[in-house]
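Step one of this worksheet: look at the structure below.
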Amino acid sequence: MSIHLTEANGLPDIEFYDSIEDTEGYIWLAGNKGLFRYDGKEFKVYSHSEKRGRSFFNLKLDEKGRLWFTNIAGQYFYIENDNVILFKDLQEILNGKLSDYLITENYLLIYSLRSTLWIDRKTKKIVHETENLGGTSIGFVQNNHYYFLNFKKELLSQDIETKEIEPAVKQQYPDRESLPGFTRFHKTSKGYVVLFQDKTGEKNSLFLYKNKQLIAIKLPEALLNNTIFTIQEYDDKLYFSTKKGVVVTQHIKNKIRVISSYLKNYFTTEVIKDFQQNLWITTLNNGIFIIPNESLQLINTDKKTNVIEKYTDSTFFTGNKNGTLSILSLDGDVKETFNFTDVSEIQTLNYNPNTDILYYNSDEKNIRYHVGQKKIISFDNFNAAKSISHIKNDFYLKSFAHGTFYGNGKEAIKISDKRSYESIYSKKYKKAYVATTNGLLLYDSIFNFEKSISFNNKPIYTFDIEEASNGSIWVATYDNGVLNIKDDKVVEVLSLKNGLASKAINKIKTDGEHLWIVTDNGFQHYNTTTKTFKTINKRDGLLSYNINSIETFGNDVLFSSNIGLFRFDKRTVFKDWETPEVYITATILEEKEVPLKSTYTLKQQESEIEIRFNSKGFQSDTFVAYEYQLKGFNDSWNSVDKGQQHVKFNTLPAGKFTFNLRARNLRDQNYSAVKSLQLNVTLPFYKQAWFLICIMLAILAIVILYFRRKIRIREKQKNKELQQLEIDKQLVNLRLENLRSQMNPHFIFNALNSIQEYIVLNQQNLASTYLVKFSRLIRTYLEQSQEKEITLDQELKALHLYLELEKVRFEEELTYEILVDKNLALETIKIPSLFIQPYIENAIKHGLHHKISNRKLEVSFQKQNEQLICNITDNGIGREAAQKLKNSQINYYKSFATRANTERVELINKDRLQKIEVIISDLTDEKQQPTGTCVSIRIPLKK
């Protein structure tokens, strides 16, 4: 029975030229639309960016198991690491001719019109050319020699190393010139065979090359005038792929004998038998046919046959739903058909070889028919019997919807009025077992009711009863499996636990001591000695479990179904299914396929992973169960949902895990070798211990730095405050010193003398005026000494008072002038208190005091580049002369103001970005003689 694959059920093409199974169990198909690989579930397409055309041909494997193929455009490819590699492009040489080729360890031999090209596999260069070729396909390589035909149809041998050519046979075939020119070479276990045929498939001749001889092989009629495409050998059978189907033969001596044939109406191109013994047959325009089990043969396509009954060791009766009764051979050929003028469904047949009487029962007729005499003996009154069981001689037990009866054709005695589905009479126990609506009832030898047989204290409801040769009564139940009853006791139960394929049972049939069981999941054979099951299911080519009748003929078993009549040899029908090997085919990370590796390192936030897998072999996705384990997370094994071939984890915790995968054939409990992947899932860096420790240390460091900084700021602030206090203290002291300088005893003494002199001279008004100015100056200095800064206006008022008093002290021999820029905002510009006066005092004291006459002092204030510039200019004796006078005087008065102002400038500048500058310049005339001094004070204005 074959399974037909077309584009309708996922086949990528229907026109195929070649097929092959590689060393890993993949099926490769070369067709009109390209190259495809079948992995047990899906067809994968292979191509190359530089290929010309889409068809591929001539699939072959090299010594490394790599697949090679070619196309009409003269391109030669191979598969490596799942990629198509272009080996050589010979378009210019082959000129669009599809050329055959051979692969040796060092060379690629390509048949090219009238020569063979030798291409070095390492350099990819043509290193030799063998001319004088004949035939239409390349020869073969054996024992380090290349064998080929020349134009005279002589078989020659060429040494692969030396390239020397010599005859390959002791004596050439005498009638070789009459042979057709179309040739093919095929390897068999007996040697290489050479096929000669013309392009129309006629005048075929076959020869075997053995012991340097070409031995003619006689072809059967089915192969003489038939286009032969390929010849393959499996299990000592030769499979000829032809224009008229596949012819299965045996090579016996010098003759080919036909065993069977498949698909006679199809142009077949290749036959391969895979590692599971499935037969793949490619066709030229009808897709692929797969024969899972050659032992399972459809012998008759009558889909209406619903009952079969053994007649002889080589024939059997069939009854169908149209009332047709026939005798068929074991090959399914109809030998005889009976006409009972019945068009109703035949329900039961029972043949007694001792009496040669066939009991025939349909919905309308109940007939006793003598087969040898070819006549109807009698008609019974009751129709539509559910079953007929032979008792002895011509007596039978019959079940009907209205009860159970025993008797012969002349009379029938009712033993039960309950609705009956099945009844048998045990030859061992001499008792009747009757399946009714009330359960399984037992009657004694004279058909008196004995008891109701129970199981687990419940009635047994059955629809099919069989007696084995050892007397065991087998009962098919609705929900308790199959029961083995001895006399009136249940002694054995066949259930899912001990190997029954399904609780849903359709039919049972004894075979000697053993039992055949049809379930919804397979056709099973139960060995009562070993207590083991063997199963045929859809994977074996059994396409329907709707089986209504079974008969055994020695080693042959026949059954009828809704598809037709089948026969199989019970010795060969059961295939030894090896435990399937599971393959991981793809890994998907975050919805993207990544290269296959044994170990993956994943970030936890990106740990979505899907693992795809399969088991090679036809329909492996249907008959293989998968289990997986994520060791390190949960060591238990989990089942993959039926039909699924992937496992997906949406997210994984951090850790190291081993993903283990195994497969199991659904027929047994044996598991495949475990395939594993290592998964290392890492926490995001912000969750890892080192990062948390670093964060904690960083936080601790920040806290420490924060507090240390705060302490430093406080200390700095404290120090600054202390420094400021010290500066303020020094400034206060300096202001006091300035104040003291301004109120030095000499100045006060001179002022008081001036007042006294005014009083003595009775100049009361002058004394009063001078005294008022003096007191106002003293009060002003005392007030300013309390402030850090004063306005320019306050400073000018103080300077006017001071200079007026000094002018009086110099007896009007001092001329001064205070110049103020009109653009200066006197009320807003602030300057350090007690700051200007000491420099004026210095000019008077050191420059003008030692000058006899014409004492002039000029003080100017102006704004320039955001600075207040105060220039104090005198026409005194100059700094050099003043220094000499200072050095000559022993008790020279020490200037507190000069020193104090210098220190004060330094202290004030500490807190300023823009510094106060004091520039002292000596004034000279054209002869470089001193003419005075200029002190320029530059005070940045605050914005």
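Every heavy atom of this structure was used, including side-chain atoms; hydrogens, water molecules and symmetry mates were not.
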Test side chain to side chain contact (heavy atoms under 4.5 Å, CB included) applied to F240 and L223, T268, T230, the passing residue: L223

Crowding at NZ, K210 (>12 non-hydrogen neighbours, <6.0 Å): no

Does a salt bridge link K33 with E7, judged by any charged N lying under 4.0 Å from a carboxylate O? yes

Is a side-chain N or O of N614 found less than 3.5 angstrom from the main chain of D39, in a donor-acceptor match? yes

Residue pairs meeting side chain to side chain donor-acceptor pair (under 3.5 Å), one or both in residues 282-291, sequence neighbours left out, come to T269-T282

Verify side chain to side chain contact (heavy atoms under 4.5 Å, CB included) between K60 and L102, making sure each step is shown before the conclusion. CA-CA 8 Å; K60 296 182 181 182; L102 289 173; 4.2 Å; yes

Would you be so kind as to tabulate the donor-acceptor pairs closer than 3.5 Å made by side chains of residues 77-90, with sequence neighbours excluded?
from : atom 1 : to   : atom 2 : distance (Å)
E80  : OE2    : R66  : NH1    : 3.0
D82  : OD1    : R37  : NH1    : 3.4
D82  : OD1    : Y46  : OH     : 2.3
D82  : OD2    : K44  : NZ     : 2.6
N83  : ND2    : N81  : O      : 3.4
K88  : NZ     : K124 : O      : 2.6
D89  : OD1    : R52  : NH2    : 2.8
D89  : OD1    : Q91  : N      : 3.2
D89  : OD2    : R52  : NH1    : 2.8
D89  : OD2    : R52  : NH2    : 3.0
D89  : OD2    : Q75  : NE2    : 3.4

K51 atom NZ, neighbour heavy-atom count above 12 within 6.0 Å: yes

Would you call D62 and K64 a salt bridge, taking side-chain N to carboxylate O under 4.0 Å as the test? no

Would you please name every residue forming a salt bridge (charged side-chain N to carboxylate O under 4.0 Å, His left out) with D556, sequence neighbours left out? none

Do Y111 and K97 have side chains that get closer than 4.5 Å, going by heavy atoms? yes

Would you please test F207 and F196 for side chain to side chain contact (heavy atoms under 4.5 Å, CB included) and show each step? CA-CA 8 Å; F207 295 85; F196 293 88; 3.7 Å; yes

How about CG on D236, more than 12 heavy atoms from neighbouring residues, nucleotides or ligands closer than 6.0 Å, or not? no

Identify, with sequence neighbours excluded, every residue that meets salt bridge (charged side-chain N to carboxylate O under 4.0 Å, His left out) alongside K273. D235, E294

Looking at every non-hydrogen atom in both residues, tell me the closest pair between S615 and Q645 and how far apart they are. N-NE2, 4.3 Å

Would you confirm whether D13, through its side chain, and N32, through its main-chain N or O, come within 3.5 Å as a donor-acceptor pair? yes

Give, for atom CG of L328 and atom CG of L565, the distance between the pair rounded to the nearest 0.5 Å. 6.5 Å

Contact check, side chains of L59 and L35, non-hydrogen atoms, under 4.5 Å: yes

Specify the closest pair of heavy atoms between Q232 and Y234, including all atoms of both residues, with the distance to one decimal. CB-CE1, 3.7 Å

Nearest-0.5 Å distance that lies between atom CG in L206 and atom CG in N254: 10.5 Å

Measure the NZ-CD1 distance between K538 and I3 for me, rounded to the nearest 0.5 Å. 10.0 Å

For T130, what residues pass the side chain to side chain contact (heavy atoms under 4.5 Å, CB included) criterion, not counting sequence neighbours? T116, W118, H128, F148, Q158, I165

Taking side chain to side chain contact (heavy atoms under 4.5 Å, CB included) as the criterion, tell me which of D274, I272, V271 meets it with S19. I272

Are the side chains of N293 and F568 in touch, meaning some heavy atoms are under 4.5 Å apart? no

N211 atom CG, over 12 foreign heavy atoms within 6.0 Å: no

With sequence neighbours excluded, residues passing side chain to side chain contact (heavy atoms under 4.5 Å, CB included) with N9: L5, T6

Of Y17, Y266, F229, which meets side chain to side chain contact (heavy atoms under 4.5 Å, CB included) against L284? Y17

Quick one: CG on L67 to CD on E21, what's the gap to the nearest 0.5 Å? 12.0 Å

Is there a side-chain contact between N537 and L542, using heavy atoms and a 4.5 Å cut-off? no

H4 and I288 have their tightest heavy-atom pair at CD2-O, 3.4 Å

Please confirm whether the backbone N or O of T123 pairs with a side-chain atom of D120, one donor and one acceptor, at under 3.5 Å? yes

Other residues, nucleotides and ligands only: do more than 12 of their heavy atoms fall within 6.0 Å of NZ on K190? yes

Between Y209 and Y147, does the ring centroid distance fall short of 6.0 Å? yes

Salt-bridge test for D331 and R567: reply yes if a basic N is under 4.0 Å from a carboxylate O, no otherwise. yes

Before giving the answer on side chain to side chain contact (heavy atoms under 4.5 Å, CB included), spell out for Y101 and Y76 the whole-Å C-alpha distance, their side-chain angles and the decisive distance to 0.1 Å. CA-CA 10 Å; Y101 67 97; Y76 290 81; 3.7 Å; yes

Please check if the number of heavy atoms outside K244 that lie under 6.0 Å from its NZ is greater than 12. no

Spatial distance of atom CG (D100) from atom OG (S112) [nearest 0.5 Å]: 12.0 Å

Treating K237 as the side-chain partner and V248 as the backbone partner, does any N or O pair qualify as donor plus acceptor under 3.5 Å? no

Using atom types as modelled and distance alone, determine if a side-chain donor or acceptor of S295 lies under 3.5 Å from a backbone N or O of D569. no

Kindly compute the distance separating CG (L156) from CG (N150), expressed to the nearest 0.5 Å. 4.5 Å

Run the salt-bridge test on E233 and K187 with the 4.0 Å N-O cut-off and return the result as yes or no. no

Step by step, work out the side chain to side chain contact (heavy atoms under 4.5 Å, CB included) result for I93 and I126. CA-CA 11 Å; I93 297 176; I126 300 175; 3.6 Å; yes

